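What follows is a single structure, written as structure tokens, with notes after it.
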There are 2 protein chains.
Amino acid sequence: MVDDCPATGQSGCMDARLDMVFSALADPTRRSILAMLLEDDMAVTDVAEPFDMSLAAISKHLVILTKAGLISQEKRGRVKWCKLEPDALRDASIWMQGFGQFEAVNLDAFERFLTDELGEGDEPSLHP
Amino acid sequence: MVDDCPATGQSGCMDARLDMVFSALADPTRRSILAMLLEDDMAVTDVAEPFDMSLAAISKHLVILTKAGLISQEKRGRVKWCKLEPDALRDASIWMQGFGQFEAVNLDAFERFLTDELGEGDEPSLHP
DNA sequence: GGCTTATTCAACCAAATGGTTGACGATTGT
DNA sequence: ACAATCGTCAACCATTTGGTTGAATAAGCC
């Protein structure tokens, strides 16, 4: 009954986590927030600034991202800092790769990944 | 205005597609369907069979998966065949990998991937 | 102490989601 | 021709989602 196989999805115990991760990613605002946090940790107010939306709405988005494990929030003083937490993203990505494994063409993606990351200079350029 | 950078998410034209892919993946029923289709193409009725849910509901799920590009449906005679379409999954997975790229630990995932796929024999064993 | 800033809470709302049922068109088999 | 099977459509329903406001809590500044 433990989730022995990530592909079956049959009542696995990581189902709920995947639910949360994918539905968190399903919103463009939340994806933008993740992209912003990719560059640096940010306070809630600063996260909200570029959006045409109330602070409360952003706060709720951040709660959703936190519950999904995609970010973490640490309160220091009166400001709450948001930090990207790539593990959950990685897990979900791995899950998805399961669906490509049986196709040889899937290797394209990894070639692209590797050349993007390793071929383009030494400093970890975030997004070419 | 074209989506020049997959990380910004700023009004990129692939946003809508990612919306659809991730919200399609956010439902456990739909993920199970994908897992079933991983093993073989299936007719709609056969997809619906293991679920405790009406055929119409499954039909709707399949429409959602189709619109997201995750599966394709081809009607042959009176039965409609559903086939996994891994490209969309791969694209979304690539997008997600962007969030791991700046971390060295991300390479773990790819090591795991490579050993899983290449290390476990010649025949494309679907899911060990 | 009293103002300002940072963030959440609570109540509310419109729209989207995920399901049901029953009727319907299309295709197949006898 | 008739009946059975495959799948979708339409109408409906309950719940969730994503947003709004205004008040409330908490911390820093003068």
Side-chain angles (χ1 to χ4, degrees), chain A residues 9 11 15-37 40-83, chain B residues 9-11 15-37 40-84:
Chain A
S11 74
D15 253 39
R17 174 136 296 243
L18 282 178
D19 280 9
M20 286 191 298
V21 170
F22 284 127
S23 53
L25 291 175
D27 185 282
T29 301
R30 289 193 289 264
R31 288 200 305 275
S32 287
I33 291 175
L34 292 178
M36 293 165 59
L37 292 177
D40 216 342
D41 298 1
M42 295 177 83
V44 174
T45 306
D46 297 330
V47 170
E49 194 268 336
F51 294 98
D52 189 20
M53 196 181 301
S54 74
L55 183 60
I58 296 293
S59 179
K60 283 204 236 174
H61 280 303
L62 291 171
V63 168
I64 291 171
L65 288 170
T66 302
K67 282 186 178 163
L70 293 170
I71 69 171
S72 59
Q73 293 183 287
E74 180 198 0
K75 190 164 184 179
R76 210 150 47 207
R78 74 177 155 181
V79 30
K80 203 170 197 173
W81 292 91
C82 306
K83 174 156 126 337
Chain B
Q10 309 270 45
S11 75
D15 253 39
R17 174 136 297 244
L18 282 178
D19 279 9
M20 286 191 299
V21 169
F22 284 127
S23 52
L25 291 175
D27 185 281
T29 301
R30 288 193 288 264
R31 288 200 306 275
S32 288
I33 291 175
L34 291 178
M36 292 166 59
L37 292 177
D40 215 342
D41 298 0
M42 296 178 82
V44 173
T45 307
D46 296 332
V47 170
E49 194 268 337
F51 295 97
D52 190 18
M53 194 182 303
S54 73
L55 181 61
I58 296 293
S59 179
K60 284 202 235 174
H61 281 303
L62 291 171
V63 168
I64 290 171
L65 288 169
T66 302
K67 283 185 178 162
L70 293 169
I71 69 170
S72 59
Q73 294 183 288
E74 180 198 1
K75 190 163 184 178
R76 211 150 47 209
R78 74 176 156 181
V79 31
K80 203 170 196 174
W81 292 92
C82 305
K83 173 158 131 324
L84 195 63

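Numbered from 1 within each chain, the chains take letters A, B, ... in sequence-line order. Here the structure is a predicted model, which means the values were calculated and not measured.
For B:V79, counting side-chain heavy atoms from C-beta on, the closest listed nucleotide (D:dG7, C:dG19, D:dT20) is D:dG7. Of all nucleotides listed (D:dG7, D:dT20, C:dT7), C:dT7 comes nearest to the side chain of A:T45. The side chain of A:R78 lies closest to D:dA27, out of D:dA27, D:dG19, D:dT21. When distances are taken from the side chain of A:S54 to each of D:dG18, D:dT20, C:dG19, the shortest belongs to D:dT20.
Among the atoms of the strands shown, none is found under 4.0 Å from any heavy atom of B:K75. Contacts of A:R30 with the nucleic acid, taken as non-hydrogen atoms under 4.0 Å apart, involve only primed sugar atoms and P, OP1 or OP2.
For the residue pair B:V79 and B:A43, the shortest heavy atom distance occurs at CG2-CB, 3.3 Å.
Atom CH2 of B:W81 is separated from atom C1' of D:dT8 by 18 Å (rounded to the nearest Å). The distance between atom CZ of A:F51 and atom C1' of D:dT20, rounded to the nearest whole Å, is 17 Å. Going from atom CG of A:D52 over to atom C1' of D:dT20 covers 13 Å, rounded to whole Å. In this structure, A:L55 places its CG atom 18 Å from P of D:dA24, rounding to the nearest Å. Nucleotide C:dT7 holds its P atom 17 Å from the CE atom of A:M53, rounded to whole Å. Between the CD atom of B:E49 and the P atom of D:dG7 there is a distance of 13 Å, rounded to whole Å. Put simply, NZ on A:K60 is 11 Å from C1' on C:dT8, counting in whole angstrom units. Between the CG atom of B:D19 and the C1' atom of C:dA16 there is a distance of 13 Å, given to the nearest Å.
Contact of the B:F22 side chain with the A:R31 side chain is registered, since non-hydrogen atoms from C-beta on lie closer than 4.5 Å. Proximity of A:L37 to A:L70: side-chain heavy atoms (C-beta onward) are nowhere separated by under 4.5 Å. Annotation: side chain of B:L34 is in contact with side chain of B:L25 (closest heavy-atom distance under 4.5 Å).
Nearest-nucleotide assignment on DNA chain D puts the 5′-proximal partner with A:D27, out of A:R76 and A:D27.
Using a 4.0 Å cut-off, some side-chain N or O of A:K80 falls inside it from OP1 or OP2 of C:dT8. Here B:H61 does not reach the OP1 or OP2 of C:dT17: none of its side-chain N or O atoms lies under 4.0 Å away. Proximity of B:S59 to the phosphate of D:dG7: no side-chain N or O atom is located under 4.0 Å from OP1 or OP2.
Under a 3.5 Å cut-off, the side chain of B:S59 and the backbone N or O of B:L55 do not form any donor-acceptor pair.
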